[in-house]
Amino acid sequence: MIVRTTEEITGTDRDVADEGWRSKRIILGGDGVGFSFHETTIEAGTTHVFHYQNHVEAVWLIEGEGTLTDLDNNVTYPLGPGSMYLLDGHEKHRLETRTRMRMMCVFNPPVTGQEVHDENGVYPLVAVASN
């Protein structure tokens with residue numbers, strides 16, 4: 001059994017941030033459960049383009065408002081608390097926040113925690129070593 005709090009991972013290598021966003025990686029590939037689970041916050045008034053070519057991501061928005069644009073099909077969706085989206089087709093997408101957004105995210109295959117978005121917003125596929 002794994003029990004963790006976001007408080008205990010804050011400030012550790014599981015707490016990753018870049019310009020306008022922060023991801024607390026609660027469960028990672030090394031935990032050996034087949035997925036990773038993150039709490040991600042994206043600051044108000046920011047725009048981010050992501051393209052997870054190697055991962056499927058499910059996102060549940062619990063705070064904030066903004067829009068999600070599927071850049072593959074040029075369709076925009078409003079997002080608010082209780083919204084969920086699933087990138088099951090590896091869609092390139094843009095998030096635009098009106099207010100600070102806090103979301104819970106699941107990645108499959110799991111991320112290791114050391115990935116960094118490349119210039120196209122892609123996480124590389126990194127081999128997972130079990131703890």
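Excluded from the calculations below are hydrogen atoms, water molecules and symmetry mates; all remaining heavy atoms, backbone and side chain alike, are included. Only a predicted model underlies this, so the values are computations on that prediction, with no experimental measurement involved. Numbers for residues simply follow the sequence, beginning at 1.
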- Query: Counting only heavy atoms not in N74, do more than 12 sit closer than 6.0 Å to its CG atom?
  - Reply: no

How far does [atom1] of [X] sit from [atom2] of [Y], to the nearest 0.5 angstrom?
{"X": "T40", "Y": "W21", "atom1": "OG1", "atom2": "CH2", "value": "7.5 Å"}
{"X": "R100", "Y": "E63", "atom1": "CZ", "atom2": "CD", "value": "6.0 Å"}
{"X": "E8", "Y": "R14", "atom1": "CD", "atom2": "CZ", "value": "9.0 Å"}
{"X": "C105", "Y": "W60", "atom1": "SG", "atom2": "CH2", "value": "12.0 Å"}
{"X": "E96", "Y": "T46", "atom1": "CD", "atom2": "OG1", "value": "9.5 Å"}

Any side-chain heavy atom of [X] within less than 4.5 Å of one from [Y]?
{"X": "T112", "Y": "P110", "value": "no"}
{"X": "T97", "Y": "H48", "value": "no"}
{"X": "H38", "Y": "V111", "value": "yes"}
{"X": "L95", "Y": "F50", "value": "yes"}
{"X": "H90", "Y": "V56", "value": "yes"}
{"X": "I42", "Y": "M103", "value": "yes"}
{"X": "I9", "Y": "R25", "value": "no"}

- Message: side-chain contact (heavy atoms from CB on, under 4.5 Å), that's the test. Do R4 and D31 meet it? Break it down for me.
- Response: CA-CA 12 Å; R4 290 194 180 105; D31 292 316; 3.0 Å; yes

Is it the case that one hydrophobic cluster holds both [X] and [Y], taking links as side-chain heavy atoms less than 4.5 Å apart, direct or via other members?
{"X": "V59", "Y": "V75", "answer": "yes"}
{"X": "M101", "Y": "Y77", "answer": "yes"}
{"X": "Y85", "Y": "F107", "answer": "yes"}
{"X": "L79", "Y": "I62", "answer": "no"}

Which heavy-atom pair separates [X] from [Y] by the least distance, and what is that distance?
{"X": "S36", "Y": "L28", "answer": "CB-CA, 4.0 Å"}
{"X": "H93", "Y": "L71", "answer": "C-CD1, 3.9 Å"}
{"X": "I27", "Y": "V33", "answer": "CG2-CG2, 3.6 Å"}
{"X": "P81", "Y": "G64", "answer": "CD-O, 3.3 Å"}

- Mind running side-chain contact (heavy atoms from CB on, under 4.5 Å) on R22 and D15 for me, showing each step along the way? CA-CA 7 Å; R22 182 177 192 177; D15 186 6; 2.5 Å; yes

- Message: Between M104 and I26, is the side-chain contact (heavy atoms from CB on, under 4.5 Å) condition met? List the steps.
- Response: CA-CA 10 Å; M104 305 308 288; I26 301 160; 4.1 Å; yes

- Given side-chain contact (heavy atoms from CB on, under 4.5 Å), test T67 with R98 step by step and report yes or no. CA-CA 8 Å; T67 59; R98 281 193 290 282; 3.8 Å; yes

- Parallel, tilted or perpendicular: which describes the rings of Y52 and H55, with under 30° parallel and over 60° perpendicular? perpendicular

